[in-house]
Asks: 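Just passing along the structure, written as structure tokens.
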Amino acid sequence: MPPSYTDDQIVYAVRDGLIIPAQLDRMAQGMIDLVNKTRAAMSIDNYRFDVDAHDEVAHQAAIESIVMLKNDDAILPLNAGPVANPSATPQKIAVIGEFARTPRYQGGGSSHITPTKMTSFLDTLAERGIKADFAPGFTLDLEPADPALESEAVETAKNADVVLMFLGLPEDAESEGFDRDTLDMPAKQIALLEQVAAANQNVVVVLSNGSVVSVAPWAKNAKGILESWLLGQSGGPALADVIFGQVSPSGKLAQSIPLGINDDPSMLNWPGEEGHVDYGEGVFVGYRYYDTYGKVVDYPFGYGLSYATFEIADVAAAKTGANTATVTATVTNTSDVDAAETVQVYVAPGKADVARPKHELKGFTKVFLKAGESKTVTIDLDERAFAYWSEKYNDWHVEAGEYAIEVGVSSRDIADTVAVALDGDGKTQPLTEWSTYGEWEADPFGAKIVAAVAAAGEAGELTKLPDNAMMRMFLNPMPINSLPTLLGEGGKKIAQFMVDEYAKLAK
């Protein structure tokens, strides 16, 4: 590593006599590492990678990333007519929104790459011979609405059986270079959605955005909502596959969708002051906050609809080691549609020495099932699945006790809960006169000494500690060298007895 120094909050690195910001130095090193990793393949004579094969990987990744948030009246999948189903009467489809023609397939700034090929949704319709009327409706910027584009879009919607409306965030609205100050989509897009919904009740919104947008304010204007994120170079074919029912959507939300930006716990500390931002949420980030404190969200973490229906049964957890377990469940496709479901396992700790979330996702698996098919899935939970980072031990720590294992299809749709009792990792710290009475009780050696204090009190050899709820409330957080405050000279003798006994046991 090159030497470095700090000047006014910026860390610099010295490389080959040049002084550069350390962040740029790390980026440069990462690029060098990437070049070295690919050197072997690129040194092969006449080497060519398979563009189509790579595009198909992008296609499959995009399919599995699409999350269906809403599907009222089973508006999806659409009927494309003879192309997809020779016996069906095709629906007259209107496609509205510039994103359908000019997809926002990647993030902004330094994430830009040049794809080998790019296929929009409109490109896909043309390739597959699916007819649809198109109107851009708006421009991909934050400029005011164009009345002519709006009027064209509304007229296009009037003549359709169903409207596919492509909305989202333009690149100017989100970037690595600045923080968002709202979760709302551009006002001109929402206004157009309202106009289109007034002209046609059968609207499906397809979202393009790199991070969460508020859905609640406009969801009443759409029967169907697909959260497609930024789908990459093969997003058009992936959307067509889902929209027209070649595949069932199976994506799940990796982020809760709150009702508004002020519901996010980070808003208590953002944007900071005097050049500093505190990450004050601690472990209560995202669903860990919303679920622990019972906050209402629009869509929970892990949520995602399907064209199929599923049932999870026979949930069981078995201890496989002192602090490990395995979870099994049977998943059944209860519909006549082949589809995939993602089984999610959350761990809920019991009483803990530190603040812990209500539950945390610790394992998941996606299982594809034919119509009516059942499969048993197994998810192993290692020691880290039950651990938290302990400042006291400067290490991961598993406390002994009972943990709840929740199995479901989102953080708020739990099919069943079972329990497993763990031994704990046995980590302890030396006890001193500054250790609290509660810490003495929780320690293997300390617990024996606390019991000895109680026995000596009963025998009249030491002052008897009052045994009532009020006294316990005072005792547990109190260092034992403060016992004289409560018990006078008798408390001093108890503290000395405990320290002396510990010295004998801990040898």
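Everything quoted here is computed from the prediction, not taken from an experiment. Any value given below was found using the heavy atoms of this structure, including those in side chains, with hydrogens, waters and symmetry copies removed.
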Asks: According to the salt bridge (charged side-chain N to carboxylate O under 4.0 Å, His left out) rule, which pairs have a member within residues 417-440, sequence neighbours left out?
Replies: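 Passing the test, one end in residues 417-440: Lys319-Asp423, Asp395-Lys427, Asp425-Lys427.
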
Asks: Without hydrogens or angle criteria, can the side chains of Thr326 and Asp380 be said to hold a donor-acceptor pair below 3.5 Å?
Replies: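 Present: a donor and an acceptor within the cut-off.
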
Asks: Which atom pair, heavy atoms only, marks the closest approach of Gly424 to Asn323?
Replies: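 Heavy atoms only, the tightest pair is N-OD1, 2.7 Å.
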
Asks: Does the side chain of Tyr299 come under 3.5 Å of the side chain of Glu227 through a donor N or O and an acceptor N or O?
Replies: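 No, because no side-chain N or O of Tyr299 sits under 3.5 Å from a partner of the opposite role on Glu227.
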
Asks: Evaluate the side-chain proximity of Val213 to Asp184: yes if any heavy-atom separation is below 4.5 Å, no if none is.
Replies: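 Result no, sub-4.5 Å side-chain heavy-atom pair not found.
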
Asks: When you compare the side chains of Thr378 and Thr328, does any donor N or O come within less than 3.5 Å of an acceptor on the partner?
Replies: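 Distance-only check fails for Thr378 and Thr328.
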
Asks: For Met478, does its backbone N or O pair with a side-chain atom of Ser482 as donor and acceptor, under 3.5 Å?
Replies: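 Looks like no, no N/O pair under 3.5 Å.
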
Asks: By salt bridge (Lys or Arg N to Asp or Glu O under 4.0 Å), which residues pair with Lys362, not counting sequence neighbours?
Replies: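 By the salt bridge (Lys or Arg N to Asp or Glu O under 4.0 Å) rule, Lys362 matches no residue at all.
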
Asks: Answer yes or no: is there a side-chain heavy-atom contact under 4.5 Å between Val407 and Ile414?
Replies: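 Heavy-atom side-chain distance check fails, nothing below 4.5 Å.
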
Asks: If only side-chain N and O atoms count, and only distance matters, is there a donor-acceptor pair under 3.5 Å linking Lys252 with Ser410?
Replies: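 Side-chain D/A pair, Ser410 to Lys252: absent.
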
Asks: Of all the heavy-atom pairs spanning Ala308 and Val337, show the shortest one and how long it is.
Replies: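 It is CB-O, 3.6 Å.
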
Asks: What residues, two or more places apart in sequence or in another chain, satisfy salt bridge (Lys or Arg N to Asp or Glu O under 4.0 Å) together with Asp73?
Replies: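 For Asp73 the salt bridge (Lys or Arg N to Asp or Glu O under 4.0 Å) partners, ignoring immediate neighbours, are Lys223.
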
Asks: Looking at residues at least two apart in the chain, or sitting in another chain, which of them share a salt bridge (Lys or Arg N to Asp or Glu O under 4.0 Å) with Asp278?
Replies: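 Counting only residues at least two positions away or on another chain, Asp278 forms no salt bridge (Lys or Arg N to Asp or Glu O under 4.0 Å).
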
Asks: Any donor-acceptor pair under 3.5 Å linking the side chain of Gln429 with the backbone of Lys392?
Replies: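 Confirmed, Gln429 side chain pairs with Lys392 backbone.
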
Asks: Which heavy atom of Asp172 sits nearest to which heavy atom of Phe178, and what is that distance?
Replies: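 The answer is O-CZ, 3.4 Å.
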
Asks: Looking at Tyr307, is its backbone amide N or carbonyl O close enough to the side chain of Ser248 to form a donor-acceptor pair, meaning the two atoms are under 3.5 Å apart?
Replies: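 Side chain of Ser248 to backbone of Tyr307, a donor-acceptor pair under 3.5 Å: yes, one is there.
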
Asks: Does NZ in Lys366 sit with more than 12 non-hydrogen atoms of other residues, nucleotides or ligands closer than 6.0 Å?
Replies: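 Buried by this count: over 12 neighbours within 6.0 Å.
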
Asks: Please identify each residue that fulfils side chain to side chain contact (heavy atoms under 4.5 Å, CB included) with Asp298, with sequence neighbours left out.
Replies: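 Partners of Asp298 under the side chain to side chain contact (heavy atoms under 4.5 Å, CB included) test: Val215, Ala216, Ile257, Leu259.
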
Asks: Run Tyr502 and Trp440 through ring-ring contact (aromatic ring centres under 6.0 Å, His included) and show every step you take.
Replies: CA-CA 10 Å; Tyr502 184 77; Trp440 280 80; 5.6 Å; yes

Asks: Can a donor-acceptor pair be found, under 3.5 Å and without considering hydrogens, that links the side chain of Asn221 to the backbone of Leu193?
Replies: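 No; judged by distance alone, with no hydrogens or angles, the pair does not exist.
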
Asks: Locate the shortest heavy-atom distance separating Thr332 from Ser374; write the atom from each residue and the value.
Replies: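 Shortest heavy-atom separation between Thr332 and Ser374 comes out as OG1-OG, 2.6 Å.
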
Asks: Do Thr365 and Thr342 make a side-chain contact, defined as non-hydrogen atoms from C-beta onward lying under 4.5 Å apart?
Replies: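 A side-chain contact is absent here, since even the closest heavy-atom pair is not under 4.5 Å.
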
Asks: Quick check: does any side chain N or O of His112 sit under 3.5 Å from a backbone N or O of Gly107, one acting as donor and the other as acceptor?
Replies: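 Yes.
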
Asks: Can Thr334 and Glu311 be counted as having a side-chain donor-acceptor contact under 3.5 angstrom?
Replies: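 Side-chain D/A pair, Thr334 to Glu311: absent.
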
Asks: Taking Gly168's backbone N and O only, do any of them form a donor-acceptor pair with Gln189's side chain (distance below 3.5 Å, no angle check)?
Replies: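 Side chain of Gln189 to backbone of Gly168: a pair is present.
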
Asks: Side-chain contact, heavy-atom cut-off 4.5 Å: Arg472 with Glu441?
Replies: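 Contact flag for Arg472/Glu441 side chains = yes.
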
Asks: Only counting residues at least two apart or in another chain, list the ones meeting salt bridge (Lys or Arg N to Asp or Glu O under 4.0 Å) with Lys70.
Replies: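 So Lys70 forms a salt bridge (Lys or Arg N to Asp or Glu O under 4.0 Å) with Asp72.
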
Asks: Got more than 12 heavy atoms from elsewhere within 6.0 Å of CD, Glu273?
Replies: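 Open.
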
Asks: If you take all heavy atoms of Leu169 and Met185, which pair is closest and at what distance?
Replies: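 Closest heavy-atom pair between Leu169 and Met185: CD2-CA, 4.1 Å.
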
Asks: Asp291 versus Arg412: any side-chain heavy-atom pair under 4.5 Å?
Replies: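 The answer is yes, as the side chains (C-beta and beyond) meet within the 4.5 Å cut-off.
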
Asks: If the plane angle is over 60° it's perpendicular, under 30° parallel, otherwise tilted; pick one for Tyr346 and Tyr287.
Replies: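 Perpendicular, since the angle between the ring planes exceeds 60°.
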
Asks: Should Ile66 and Leu239 count as side-chain neighbours, where that means a heavy-atom distance under 4.5 Å?
Replies: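 Yes; the side chains approach each other to less than 4.5 Å.
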
Asks: Would you check if the side chain of Asp443 reaches a backbone N or O of Ala447 as a donor-acceptor pair within less than 3.5 Å?
Replies: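 No, Asp443 side chain to Ala447 backbone: no donor-acceptor pair under 3.5 Å.
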
Asks: How about Phe284 and Tyr289: are their ring centroids closer than 6.0 Å?
Replies: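 Centroid distance Phe284-Tyr289: not below 6.0 Å, so no.
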
Asks: Report yes or no: does Glu402 contribute a side-chain atom to a donor-acceptor pair with the main-chain N or O of Gly350 at less than 3.5 Å?
Replies: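 Absent.
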
Asks: If only atom types and distance count, is the side chain of Thr432 paired as donor or acceptor with the main-chain N or O of Trp434 below 3.5 Å?
Replies: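 Flag set: sc Thr432 to bb Trp434 pair under 3.5 Å.
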
Asks: Mark yes or no for whether Ser175, through its side chain, and Glu171, through its backbone, hold a donor-acceptor pair below 3.5 Å.
Replies: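 No; zero donor-acceptor contacts below 3.5 Å.
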
Asks: Taking atom types as modelled, find out whether Trp229 and Asn209 have a side-chain donor-acceptor pair closer than 3.5 angstrom.
Replies: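 No - no donor-acceptor pair under 3.5 Å links their side chains.
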
Asks: Return the minimal non-hydrogen interatomic distance between Ala317 and Ile405, and the atom names on each side.
Replies: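 Looks like CB-CG1, 4.1 Å.
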
